Amino acid sequence: MTPHERANARAANPRAAETAEYLDARLHMANYEESTFARSLLLAAELHGIEHAARECGLSDEAMRRQLNGTRPLYFDSVLGVMRALGVQLRVEVVQGGGATSPAR
């Protein structure tokens with residue numbers, strides 16, 4: 001996303017933009033763990049209304065809380081559903097100097 005597109009998205013939905021920045025910072029933490037990100041999603045979902053996030057995932061509020069607080073397994077489709085409910089999305093980017101090498105041809 002270009003800086004101009006980012007500014008337009010922020011203006012259109014400042015709450016989602018703040019949530020995206022918060023979650024992105026969690027993903028870039030040095031000691032990142034799945035549980036850290038799950039708890040971050042839980043906090044964001046509770047601030048936005050966990051009912052909406054739970055409905056998006058086809059779960060009850062309590063089942064959603066249990067998945068995000070680590071007492072139940074966290075499924076990737078739930079992560080995506082919560083993020084969709086929050087108005088944000090995951091994105092994959094190339095990392096300079098890291099990752100796998102290209103396959104031989």
Side-chain angles (χ1 to χ4, degrees):
M1 184 178 277
T2 67
H4 179 69
E5 291 170 330
R6 202 171 8 261
N8 285 342
R10 184 177 242 328
N13 193 343
R15 188 179 200 181
E18 288 175 6
T19 301
E21 289 170 7
Y22 169 74
L23 293 172
D24 190 55
R26 300 295 128 216
L27 284 170
H28 288 93
M29 289 174 53
N31 297 320
Y32 169 76
E33 294 179 359
E34 174 188 331
S35 62
T36 302
F37 188 67
R39 284 190 304 273
S40 299
L41 275 177
L42 176 59
L43 175 63
E46 286 178 336
L47 289 171
H48 288 265
I50 194 138
E51 305 82 14
H52 178 63
R55 221 172 324 144
E56 185 73 32
C57 297
L59 299 170
S60 69
D61 300 358
E62 278 309 305
M64 182 91 277
R65 278 190 181 88
R66 286 192 301 269
Q67 274 195 25
L68 295 175
N69 73 15
T71 57
R72 298 280 185 196
L74 178 60
Y75 299 104
F76 191 62
D77 61 336
S78 294
V79 170
L80 295 177
V82 171
M83 294 186 81
R84 191 173 30 257
L86 297 173
V88 299
Q89 67 182 7
L90 278 177
R91 202 169 88 174
V92 177
E93 295 178 349
V94 174
V95 178
Q96 284 188 335
T101 58
S102 59
R105 293 183 186 228

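In what follows, every heavy atom counts, from backbone to side chain, and hydrogens, waters and symmetry copies are set aside. Treat the numbers as computed from the prediction; the structure is a model and nothing was measured.
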Nearest 0.5 Å, please: how far is [atom2] in [Y] from [atom1] in [X]?
X: Leu68; Y: Ser78; atom1: CG; atom2: OG; value: 7.5 Å
X: Asn69; Y: Arg65; atom1: CG; atom2: CZ; value: 9.5 Å
X: Thr19; Y: His48; atom1: OG1; atom2: NE2; value: 3.0 Å
X: Leu42; Y: Phe37; atom1: CG; atom2: CZ; value: 12.0 Å
X: Glu56; Y: Asp77; atom1: CD; atom2: CG; value: 11.0 Å
X: Glu62; Y: Thr71; atom1: CD; atom2: OG1; value: 9.0 Å

Minimum-distance pair of heavy atoms, taken over all atoms of [X] and [Y]:
X: Ala53; Y: Ala45; answer: CB-CB, 4.1 Å
X: Ala54; Y: Ser60; answer: CB-O, 3.6 Å
X: Ala16; Y: Val88; answer: O-CG1, 3.3 Å
X: Cys57; Y: Met64; answer: SG-SD, 4.0 Å

Side-chain heavy atoms under 4.5 angstrom apart, residues restricted to Ile, Leu, Val, Met, Phe, Trp, Tyr: same cluster for Tyr75 and Leu80?
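No, no single cluster joins them.
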
Is it true that atom CZ of Arg72 has more than 12 heavy atoms of other residues, nucleotides or ligands lying nearer than 6.0 Å?
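Counting other residues, nucleotides and ligands, CZ of Arg72 stays at 12 neighbours or fewer.
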
Decide, yes or no, whether a salt bridge links Arg15 with Glu18 under the criterion of side-chain N to carboxylate O below 4.0 Å.
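Result for this pair is no, no salt bridge flagged.
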
Test applied, side chain to side chain contact (heavy atoms under 4.5 Å, CB included); reference residue, Leu90; option that passes from Leu27, Asp24, Leu23:
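Going through the options one by one, the only one that passes is Leu27.
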
Any chance you could lay out the side chain to side chain contact (heavy atoms under 4.5 Å, CB included) test for Leu41 and Leu86, step after step, and finish with the verdict?
CA-CA 9 Å; Leu41 275 177; Leu86 297 173; 4.3 Å; yes

Under 3.5 Å, side chain of Ser40 to main-chain N/O of Arg26, donor-acceptor pair present?
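No; judged by distance alone, with no hydrogens or angles, the pair does not exist.
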
